[in-house]
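Counting starts at 1 for both ligands and their atoms, following the listed order. Computed from a predicted structure; not experimentally measured.
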Amino acid sequence: MNISFITVVVLMALAPPSAKPQASNSAPASQAVVVQETVDKVFASAPAALPIDPNDMVRFDGDVVVRVSIRSAQDLMLVNQLSDDMWSHHVGIGGDADFRMSQADLGTLDRASIPYRVTISDLQNRIDTERTRLAQPMEGLAWFSDFKNLAAVNTRLDEMVAAYPNLVSIVNAGTSIQGRVIRGIRISRYPAGTVLPAFIFTGTLHAREWASTMTTMWIADQFVENNTIDPRIAAVLDSAEVFVFPVQNPDGYEYTWATGGNRLWRKNRRLISGTTYGVDLNRNWGLGWGGSGSSGTTSSDTYRGTAAFSEPESVGMRDFVIAHPNLVGHIDFHSYSQLWLWPWSYTTTASPDQTALAAVGIPMQTAIKAINQKTYTAGPSGSTYGLTAGCIDDWTYGTQGMMAGTIEVRDTGTYGFVMPTSEILPNAKENFAASMTMMEKLLASSPITITLAPGSLVADNTASTVEVQTVPVVSTLITNGVRLKWNLDGGTTQSAVMTSIGNNKYRASLPAMACASQVSWFVEAETKFIITHAPLNKPTSFNLTATNSCRNPADLDGSGFVDAADIGYVLLDFGPCGDPANCLADLDHSGDVDSADVGLVLLEM
Ligand code: 0X9
Ligand code: ZN
């Protein structure tokens, strides 16, 4: 879809004031059964989660989902009068878009000669079928054979901790407006607080997007169950920690499951006034808050809230991220449309990191396709999808410097939010592949090869040279970004900027040491998104050591004596030193092995 899009929000502003309120917010939709949200009103003021009244169920009898061809602004205005629930994510003049509306309203489309195709003719029937299926006991069935409610998600997270207590722990990101904890897990081989790169995968910011819940749970499941079996997972866990928050909007999610709820609810469950509920948690973030593609109308499905971070759910996630400055990568999962969108989403202006984002994003798209041959459109969000100001990933990228973006998982509209169970695993697997690709690309974004290093024993009181080669493949090195780090005999960490010597090579010296001292060292290279290490991208990188052999540097053959044999060594190397570090006989570091060096050997004899 490469036509130039105008966000529906802008055009909806053109709609007459008589336009219907959002069905999923408050008052009944055209065909939806009237809802009394008394219980939810109590909810909003009470911190504890109360049961939802089953009599309050929002139904969509007589509603269909139609793919409408929007030929003009008039077409769009008419469709917006018929429907308060756009299912596809953007709409442009000259493009198609999916809307839920009453079957009876199709006649209006006919009379206006607006071309359309009914994509879902039995919406309520599908919701009923899903509900009946979910009411059956699922004992013995594999977890991913069907969608799971909040309690089941939480139980599963607890089970992961119980089964792998040394790998998995529960983390939380605060509490929702109705008092539900926003729970996640940390998956790491290292103790909490160890500084190593971290990734975060988040889902269900929008309540009805159940496929995102299952996708993030699958990512958690793979990392936990296959942490030693799958070499790619094992390698990531050697170098990084992984956080997964499957349900960022627990109140909304619960509401989509409840008898007495609304399967198509999107926002959180803040009571705004009367029967109007909800702030769009993906319009409430602080970067670009209030801009295009967000609404100031409380009943809108894209209502941004009264201020950036007005919602406890956004605050909780924000504070979790701030408390983990080692986070380097983030994918927020949504449904549906099969898209991989990276910043910016609040503007169509290219991000300063567009090249690096595409260098990871295109391989992610390829990785998805390799699993089940599904095509996901990939690109910067603003120009690929339309403007959506106040999104989580603009904030994690723009304020925290993380590589971030949004995946809209399956499908492209045949099923939309009410996806058949047969799609759960294929969908989760292709998106796991995308997640792995992001992690691997970032962890290898600046591979460092050590090209010259001291051996494990070094001569007494002699500085030794370290030389590395690094080729940034994802984003460019920052200024002074290649550094040699060391400690002497386990003391304070010291750092020296390595000097560029051309050819992507850098050089620095480890200090001369007193007899029997030991230096432990590694090299780091810092790019926009991540610091990579040599010899290994691990927190315990001080695993290269050089011990002073207490050997006189003039004892060139290591015999324990400075003698005539060492003069022989000097004579053998006579002439200019190609590489000073490889020129041990250049005892006075003049750049030449010459008679002065013979003199130094004689002095030590
Ligand atoms: O509108 C949204 O928040 C997302 N679409 S959805 O249908 N799941 O609601 C898209 C957000 C796109 N922008 C980015 N955050 N990248
Ligand atoms: Zn969404």
Side-chain angles (χ1 to χ4, degrees), residues 1 5 7-10 12 22 24 65 85-91 97-100 202-213 215-216 246-249 252-253 256 264-268 278-289 291-295 300-305 311 313-314 317 330-348 350-351 354 357 361 364 376-399 402-413 416-417 419 431 434:
M1 295 201 246
F5 289 115
T7 64
V8 71
V9 178
V10 173
M12 281 176 80
Q22 297 279 313
S24 53
V65 179
D85 189 12
M86 186 171 82
W87 275 39
S88 56
H89 307 307
H90 56 301
V91 60
D98 299 350
F99 296 86
R100 177 177 60 79
T202 53
T204 333
L205 201 52
H206 289 143
R208 62 190 174 182
E209 298 169 10
W210 291 9
S212 76
T213 323
T215 303
T216 42
V247 183
Q248 299 173 94
N249 176 6
Y253 192 54
T256 60
L264 298 179
W265 188 259
R266 166 183 167 99
K267 305 187 286 181
N268 75 353
V279 171
D280 184 351
L281 295 177
N282 211 20
R283 298 295 182 275
N284 191 237
W285 289 70
L287 197 145
W289 181 85
S292 298
S294 72
S295 173
S300 167
D301 248 355
T302 53
Y303 174 50
R304 61 176 87 105
E311 302 312 295
E313 294 87 353
S314 340
M317 287 306 301
H330 172 214
I331 303 176
D332 192 37
F333 287 94
H334 287 251
S335 78
Y336 59 93
S337 281
Q338 297 176 196
L339 302 168
W340 165 222
L341 305 165
W342 60 75
W344 300 107
S345 52
Y346 81 101
T347 174
T348 50
S351 132
Q354 165 60 21
L357 293 166
M364 287 171 69
Y376 282 51
T377 301
S381 194
S383 51
T384 308
Y385 177 100
L387 296 179
T388 55
C391 290
I392 183 172
D393 47 342
D394 267 9
W395 186 89
T396 51
Y397 162 72
T399 75
M402 295 158 67
M403 177 168 281
T406 293
I407 293 186
E408 298 272 5
V409 303
R410 290 190 188 192
D411 62 0
T412 54
F417 304 115
M419 198 167 87
N431 285 294

> Just which atoms of ligand 1 are under 4.0 Å from any heavy atom in L341?
Replying inline: 12 (C), 16 (N)

>> Report the atom name of the nearest N/O/S atom of H334 relative to the Zn ion (ligand 2).
In response: ND1

>> Given 3.5 Å as the limit, does a donor-acceptor pair link the side chain of N431 with the main chain of V409, or not?
In response: no

>> Using the side chain to side chain contact (heavy atoms under 4.5 Å, CB included) definition, which of the options V279, D280, N249 pairs with E311?
In response: V279

> Got the closest protein heavy atom to atom 6 (S) of ligand 1, with its distance?
Replying inline: E408 OE2, 3.3 Å

> Do the non-hydrogen side-chain atoms of I392 and H330 ever get within less than 4.5 Å of each other?
Replying inline: yes

> Would you say S88's side chain and A97's backbone share a donor-acceptor pair under 3.5 angstrom?
Replying inline: no

>> When you compare the side chain of Q354 with that of W342, does any pair of heavy atoms fall below 4.5 Å?
In response: yes

> For atom 9 (O) of ligand 1, which protein heavy atom lies nearest, and how many Å away is it?
Replying inline: R266 NH1, 2.4 Å

> Just by modelled atom types, is the I331 backbone N or O under 3.5 Å from a matching donor or acceptor in the D393 side chain?
Replying inline: no

>> Q248 and side-chain hydrogen bond (donor to acceptor under 3.5 Å, both in side chains): which single residue from T204, N268, D332 fits?
In response: D332

> Taking only heavy atoms of H334, which atoms of ligand 1 are found under 4.0 Å from at least one of them?
Replying inline: 8 (N)

> So which heavy atom in the protein is nearest atom 11 (C) of ligand 1, and how far is it from that ligand atom?
Replying inline: N282 ND2, 3.9 Å

>> Is it the case that ligand 1 has an N or O less than 3.5 angstrom from some N or O of T406?
In response: yes

> Polar-atom distance check: Y336 versus ligand 1, any N or O pair below 3.5 Å?
Replying inline: no

> Using a heavy-atom cut-off of under 4.0 Å, does the side chain or the backbone of S335 touch ligand 1, or both, or neither?
Replying inline: backbone

> Looking at NE2 of H206 and OG1 of T256, how far apart are the two atoms once the value is rounded to the nearest 0.5 Å?
Replying inline: 13.0 Å

>> Which atom name does H206 have for its N/O/S atom nearest to the Zn ion (ligand 2)?
In response: ND1

> Out of M86, R208, E209, R283, who gets a non-hydrogen atom closest to atom 2 (C) of ligand 1?
Replying inline: R283

> Parallel, tilted or perpendicular: which fits the ring planes of W210 and Y253, with parallel below 30° and perpendicular above 60°?
Replying inline: perpendicular

> Which residue and non-hydrogen atom of the protein lie closest to atom 16 (N) of ligand 1, and at what distance in Å?
Replying inline: D393 OD2, 2.9 Å

>> Test of understanding: given a 4.0 Å heavy-atom threshold, classify the contact between Y385 and ligand 1 as side chain, backbone, both, or neither.
In response: side chain

> Do any N/O/S atoms of E209 come under 2.8 Å of the Zn ion (ligand 2)?
Replying inline: yes

> What protein heavy atom is closest to atom 13 (N) of ligand 1, reported as residue, atom name and distance in Å?
Replying inline: S381 OG, 2.9 Å

>> Give me the atom names and distance for the closest heavy-atom approach of A207 to K267.
In response: CB-O, 4.4 Å

